**Q** 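Here it is, the structure, as structure tokens.
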Amino acid sequence: MKKVLGAFIVLIILVIVMFMSGLAYIVEETKQVVITQFGKPVGKPVVDSGLHFKKPFIQQTRYFEKRLLDWDGDPNQIPTKDKRYIWVDTTARWKISDALRFLQSVTNEMGAHARLDDIINSATRDAITGHILVETVRNSNRIIETKQQGESLMLTEEAIERIKIGRSKLEKLILQEARKLAPQYGIELRDVRIKRINYVEAVRVKVYDRMIAERKRAAEMYRSEGQGKRAEIDGQREKELKLITSKAYRTAQVVKGKADAESITIYARAYSQDPNFYSFLKTLETYRKTIDRNTTLILSADSEYYKYLTEFGLKK
Amino acid sequence: MEFNTPEDILNVGRKEFGKYRKFTPAIITVLVILIGLTGMIYSIGPDEVGVVQRFGKYISTTLSGLHIKLPFGIDKVTPVKVERIFKEEFGTRTIRPGVRSKYSSRSYSDESLMLTGDLNILDVRWIVQFRITDPVKLLFNTRDPQDNVRDVSEIVMRRLTGDYSVDGVLTTKREEINDLAQLEMQKILDSYQTGIQIVTVKLLDVNPPDEVKPAFNEVNEAKQEKERVINQAWEAYNKAVPRAKGEAERTIREAEGYALDKINRAKGEAERFSAVLTEYKKSPDITQKRLYLETLTDVLPESRQKYIIDPEQTSILPLLNIGREGGK
């Protein structure tokens, strides 16, 4: 028991001494190491993680990241091909692919960032200035398609421009350009993306004005649509009213006419049995109706009445 | 015992310590073992896994529970919360989550203002929820996973917003954008080998910029106004048309009434005439005379003045004179 314990302690002390003296060193999964001897690199960079050995005292270790690293660009004001000033904010992902070259050319990550600033910014500038604004904003012609489907959109003329490249391909272009220059720094550029694009303040205000104007236009459209619809409904109402009354009038007239006609037939059939008697009766009725208190009657001596009078008088 | 000088005190200490000198190796051994033992045991919580590295090299992933490792920095364990769902907010920050969460009143317009495909500007806020599916990748492939999630989220959301119209992002295409954003974020994160899985992407408030909001509201009001005007028109329509229909019915009914009246009268009169005629025919002469005289009997007394003139007398002038005098 005591022996095992002793051996164990000795082992631990040995390990500690190893590290302290610089004989052994550890490479983490996330790191890679360049060994230098009096400042001069020795051998290939160590990328395998785990326990490694070197010559103590005369060799030094320099650690570098093995993981994917961020690069965040400073927002840049760039004019597009159609002379619109925009802020472009890019971000990139990169990796130290050759730690030795990295050490020699840029020393550390700060140095790398400075170089990346140069190459990515210039590639971005080239790509943006070579294209119109909508190419950098849109990724497809989806909007134009929806417009063709007849949806009402608030569009400015420049926005209807059909795009050929689009944002994703533009990013690929920037990556391609920037990537060419990266290997000389021992860097592998994995990805460059446009994070933000925004109008500069002055243009932004104008855009707001335009949006307001457009919305007002839309509001007016809705209002006038309302008025139009009202006029239509009013017209419909008038039409239906006319239709209803005229139809009723017509039906009424037809009904009345039929009745008139029928009554004529009835009268004619009855009276034609003896037209003379009818006119006689009618004459009498006329008398009754026409003679009243204000009438001055002048009876001719040869009138029917007088005839009767004289007739009877004679007979007596 | 007297303490005269500090030396005395030290001497006493030395003497006392000397008693234990022979135990020194044992004490050191025990101490080392104790330190070793505490460094050999570690526990992993229920929502995490432990990533174990030996001399920096990844060797295994341990699940929750109590585990043993080599001490003195030989084995290193990094717990990673794999069950937890993390959340990143864009354009807004939750200050205090709760039943009614409190949000920061500050605006994060840098994050949220973006261009739409029709070159307008929108204020878009959204959240991303993600979890760690591969702790090994998470730890060893990228340096700052959270930064990656944030950057990728902005990249994708802005690209998508840039591909839709204002109306689309504001209203109908929200779901579509959520789904596409999740898909495309995942694609990019996978290409970075982050070991992160996007659980969901949700658009929160999408608004026009403050400067433009009133104009947007005006459109909504105009829509309401449109509906109102149309409703008013229909109201007027509904007020007039059914009534007119009723009135039309009345006109027709009246005409039918007229017709009935007319025909019944005609029938009545005709029948009366026929009846009278039948009787008349039995003795026409006398009936005719009787009727004539009866009528005159009834009629003549009614009139105020009566004259009988000779037909030979052609002029009616004298008569007129008479009438005038009589009238006075």
Side-chain angles (χ1 to χ4, degrees), chain A residues 26-30 49-51 67-70 91 137-140 142-143 153 155-156 159 167 193 195 207-208 211-212 215 218-219 222-223 225-226 229-230 233 237 240-241 244 248 251-252 255-256 259 262-263 266-267 270 273-274 284 287 291-292 295-302 305, chain B residues 55-58 115 117-121 140-143 147 151 154-155 159 162-163 165-166 192 211-212 215-216 218-219 222-223 225-226 229-230 233-234 237 240-241 244-245 248 251-252 255-256 258-259 262-263 266-267 270 273-274 277 280 295-296 299 302-303 305-308 310-311:
Chain A
I26 285 172
V27 181
E28 292 261 346
E29 283 285 350
T30 59
S49 52
L51 189 64
R67 291 177 288 189
L68 195 64
L69 301 171
D70 296 3
T91 179
V137 174
R138 289 223 306 270
N139 207 37
S140 70
R142 195 190 325 245
I143 281 194
L153 298 173
L155 286 179
T156 47
R167 190 136 158 184
R193 301 274 176 177
K195 195 160 81 171
V207 172
Y208 290 160
M211 287 175 81
I212 291 168
R215 286 286 90 182
Y222 283 121
R223 288 200 191 99
E225 268 179 13
K229 190 77 192 168
R230 171 158 79 185
I233 296 166
R237 191 191 66 210
E240 276 186 36
L241 287 181
I244 291 163
T251 314
V255 169
K256 280 182 181 173
E262 201 182 330
S263 72
I266 294 166
Y267 282 125
Q273 291 174 81
D274 192 335
L284 292 184
Y287 283 167
I291 295 163
D292 61 13
T295 319
T296 304
L297 261 184
I298 302 164
L299 294 170
S300 168
D302 59 354
Y305 178 65
Chain B
F55 290 122
K57 191 179 180 63
Y58 166 73
L115 283 174
D118 41 13
L119 298 186
N120 293 299
I121 296 169
F140 303 145
N141 283 346
T142 55
R143 185 156 63 185
D147 257 20
D151 277 356
E154 278 206 43
I155 289 163
R159 195 216 289 148
D163 218 22
S165 63
V166 170
Y192 295 169
E211 290 87 336
V212 189
F216 270 79
E218 198 181 321
V219 172
K223 274 183 190 166
E225 199 180 310
K226 174 185 163 185
V229 165
I230 292 173
W234 280 120
Y237 177 95
V241 170
K245 277 184 182 156
T251 310
I252 295 170
E256 283 168 357
Y258 167 88
K262 191 91 184 185
I263 289 164
K267 279 183 179 159
F273 179 78
S274 299
L277 186 68
Y280 165 78
T295 305
L296 285 183
V299 166
E302 286 289 310
S303 74
Q305 289 171 316
K306 307 160 191 74
Y307 304 95
I308 298 170
D310 194 334

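Just so it is clear: chains get the letters A, B, ... in the order the sequence lines come, proteins before strands, and each one is counted from 1. For clarity, every value in this text was computed on a predicted model and none was experimentally measured.
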**Q** Is chain A contacted by the side chain of B/E154, its backbone, both, or neither, given a heavy-atom distance below 4.5 Å?
**A** both

**Q** Could you report the tightest heavy-atom contact between B/V219 and A/A218, atom names first, then the distance?
**A** CG2-CB, 4.1 Å

**Q** At a heavy-atom separation under 4.5 Å, does B/D147 approach chain A through its side chain, its backbone, both, or neither?
**A** both

**Q** So, taking the atom named CZ in B/R159 and the one named NZ in A/K195, what distance separates them when rounded to the nearest 0.5 Å?
**A**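 NZ of A/K195 is found 15.0 Å from CZ of B/R159.
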
**Q** With respect to chain A, which residue among B/A248, B/A270, B/A233, B/A240 yields the maximal number of heavy-atom pairs within a distance under 4.5 Å?
**A**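 The candidate making the most pairs under 4.5 Å is B/A233.
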
**Q** What part of A/V207 lies closer than 4.5 angstrom to a heavy atom of chain B: side chain, backbone, both or neither?
**A** side chain

**Q** With respect to B/K226, which candidate in A/E225, A/K229, A/R230 satisfies the side-chain contact (heavy atoms from CB on, under 4.5 Å) definition?
**A** A/E225

**Q** Does A/R138 offer a backbone N or O that forms a donor-acceptor pair with the side chain of B/D163 under 3.5 Å?
**A**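 Answer holds: no.
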
**Q** Which atoms of B/Y280 are under 4.5 Å from chain A, going by heavy atoms: the side chain, the backbone, both sets, or neither?
**A** side chain

**Q** Measure distances from A/T91 to the heavy atoms of chain B and classify the residue's part below 4.5 Å as side chain, backbone, both or neither.
**A**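 Side chain of A/T91 only, per the 4.5 Å heavy-atom cut-off to chain B.
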
**Q** Below 4.5 Å, heavy-atom pairs only: which of B/A255, B/A244, B/S274 has the largest tally toward chain A?
**A**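 Among the listed options, the one with the most contacts to chain A is B/A255.
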
**Q** Between A/D70 and chain B, with a heavy-atom cut-off of 4.5 Å, which part of the residue counts as in contact: side chain, backbone, both or neither?
**A**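 A/D70 touches chain B through side-chain heavy atoms alone.
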
**Q** Among A/T30, A/T251, A/L284, which has the most heavy-atom pairs under 4.5 Å with chain B?
**A**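 Counting heavy-atom pairs under 4.5 Å, the top option is A/L284.
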
**Q** Under 6.0 Å from the six-membered ring centre of B/F216 and within 45° of its axis: does the NZ or CZ of A/R215 meet both?
**A**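 Yes, a cation-pi geometry.
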
**Q** For A/L69, is it the side chain, the backbone, both, or neither that has a heavy atom closer than 4.5 Å to a heavy atom of chain B?
**A** side chain

**Q** Side chain, backbone, both or neither: which part of A/E29 has a heavy atom under 4.5 Å from chain B?
**A**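 It is both, since atoms from each part get that close.
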
